[in-house]
Amino acid sequence: MRRHNHVVAILVALVAALFILTLLLGQSFTPPEDIIRLLLGEDVPSAAFTVGQLRLPRAVLSILAGLSFGLGGIAFQIMLRNPLASPDIIGINLGGSAAAVFAIVVLSLKGPVVSVFAVVAGLGVALLVYALSFRNGVAGTRLILVGIGVSAMLESFIAYILSSAPAWSLQEAMRWLTGSVNGAQLGQSLPLLLALIVFGALLVSRGRDLEALRLGDDTAAALGVGVARTRILVIVAAVGMIACATAVAGPIAFVAFLSGPIAARIVGNNGSLLVPSALVGATLVLVGDYCGQFLLPSRYPVGVVTGALGAPYLIFLIVRVNRAGGSL
């Protein structure tokens, strides 16, 4: 537990340092005293736009989205005892994206209504995948395979919608396919913060039950865990967070998938992975967004950068399982 607490403290410090860095450095340098004065509510003309309207909302949204994706992703991976059981892989993120693209291109909707479509669709896809994979319980492998199939259908649906989309709506629609915090506003962060508080607290409160599920359903039941009730609560909480994050920032690729394995490597077998995974998710989004803005030849959305990191790891994981003689 000492190592676990040290890792959490280091990750908190890292997220705080990255947050400060994104406020200080961009295309120009903003003095720390100006940022402090701005955060205290003073009128600072030199920082009001670059920090108050551009960098601060972007950094806040990156942290909240990263926390949500990281926490939701590790909850699925622990519950189903499979690193491939991520919302990226089983279609939950893609469900929100498909609904948003349909709302923008076909229904010509904008603003919060599109976000509502994304949240409802994310929950609906999760329910569909769960129902199709249920047979005397839910096996992790069966749920992953069903999720991959549903994802393929959703990708085909999105491709069909985009093929007939007018040029003016393509730019907005693409945000829901790659994941981006461009144009972030502080007002967008409030619903996500509330969802993170409610669903995150629910997940953390079920941390011990989740750890018991890693030992198998029978063992968890023998330890006094209500397996069916815990699964339902975890699925509702994790999907709620993922759907709300997707509705605000789009499906930032592979953050939910990568956060848990990275946290497991750092923490080891030393306590719950929920909080470390959430902090790793925030770190990935902050670093990915900053790299996409300033450290690459062109500017890219954060989802492009995290996708470039996550795709090789997915291939590595599949190859490793195959060499070990296991099955997905």
Side-chain angles (χ1 to χ4, degrees), residues 1-24 59-89 192-193 195-215 220 223 225 230 234 237-238 241-242 245 249 252-291 302 305-306 309-310 312-314 316-317 320:
M1 287 306 299
R2 184 181 294 115
R3 176 177 174 176
H4 178 274
N5 294 336
H6 287 168
V7 169
V8 170
I10 291 171
L11 288 173
V12 169
L14 178 59
V15 171
L18 290 170
F19 176 74
I20 294 171
L21 176 66
T22 58
L23 298 185
L24 290 173
V60 171
L61 185 58
S62 295
I63 291 175
L64 294 178
L67 291 172
S68 299
F69 283 122
L71 189 55
I74 190 60
F76 272 100
Q77 290 166 337
I78 291 175
M79 179 181 66
L80 298 173
R81 303 187 298 279
N82 195 315
L84 288 177
S86 165
D88 302 286
I89 307 300
L192 182 54
L193 176 61
L196 183 60
I197 291 173
V198 174
F199 294 128
L202 181 58
L203 278 180
V204 172
S205 69
R206 292 287 169 176
R208 290 188 176 182
D209 291 347
L210 268 175
E211 291 300 314
L213 286 175
R214 298 177 74 173
L215 305 175
L223 293 173
V225 176
T230 298
V234 169
M241 279 195 307
I242 294 292
I252 302 178
F254 289 121
V255 174
F257 176 58
L258 288 173
S259 298
I262 293 175
R265 291 276 184 175
I266 299 172
V267 175
N269 297 318
N270 298 287
S272 173
L273 294 176
L274 293 177
V275 175
S277 297
L279 293 170
V280 170
T283 302
L284 287 175
V285 178
L286 283 170
V287 172
D289 183 50
Y290 193 84
C291 291
V302 60
V305 179
T306 57
L309 295 174
Y313 178 76
L314 175 60
F316 163 76
L317 182 64
R320 189 180 68 177

Nearest atoms (heavy-atom pairs only) where Gly260 meets Ser277: CA-OG, 3.5 Å
Is the shortest heavy-atom distance from the side chain of Val285 to the side chain of Ile63 under 4.5 Å? no
Enter the distance from Gln77:CD to Ile89:CD1 here, rounded to the nearest 0.5 Å. 9.0 Å
Stepwise side-chain contact (heavy atoms from CB on, under 4.5 Å) check, Ile74 with Ser259: CA-CA 7 Å; Ile74 190 60; Ser259 298; over 6 Å; no
Find the distance between CG (Leu14) and OG1 (Thr283) and round it off to the nearest 0.5 Å. 4.5 Å
Minimum heavy-atom distance Val204-Leu274, with the two atoms named: CA-CD1, 4.0 Å
For the pair Thr22 (side chain) and Phe19 (backbone), establish whether a donor and an acceptor sit closer than 3.5 Å, ignoring hydrogens and angles. yes
How long is the gap from CG on Leu71 to CG on Leu196, to the nearest 0.5 Å? 7.0 Å
For the residue pair Ile242 and Ala256, what are the closest heavy atoms and their distance? CD1-CB, 4.4 Å
Minimum heavy-atom distance between Ala245 and Ser68, given as atom pair plus value: CB-CB, 3.8 Å
Whether the side chain of Thr306 engages the backbone of Ala253 through a donor-acceptor N/O pair (distance < 3.5 Å, no angle test) should be reported. yes
Strictly under 6.0 Å, is that where the ring centroids of Phe257 and Tyr313 end up? yes
Gap separating the CE atom of Met79 from the CG atom of Leu203, nearest 0.5 angstrom: 9.5 Å
Is the side chain of Arg3 donor-acceptor paired with the backbone N or O of Ile266 at a distance under 3.5 Å, no angle test? yes
Out of the candidates Leu284, Ile252, Val280, Leu258, only one should pair with Phe69 under the side-chain contact (heavy atoms from CB on, under 4.5 Å) rule; please name it. Ile252
Give the minimum heavy-atom separation between Ser62 and Leu286, together with the two atoms involved. CB-CD2, 3.8 Å
For His4 and Ser272, indicate whether the former's side chain and the latter's backbone hold a donor-acceptor pair under 3.5 Å. yes
Could you measure the distance from the CG atom of Asp209 to the CD1 atom of Ile78? Nearest 0.5 Å is fine. 12.0 Å
Please step through side-chain contact (heavy atoms from CB on, under 4.5 Å) for the pair Val12 and Leu279, ending with a clear verdict. CA-CA 7 Å; Val12 169; Leu279 293 170; 3.7 Å; yes
In short, Leu192 meets Ala65 closest at the heavy-atom pair CD2-N, 3.7 Å
At what distance, to the nearest 0.5 angstrom, does CD1 of Ile197 lie from CG of Leu64? 9.0 Å
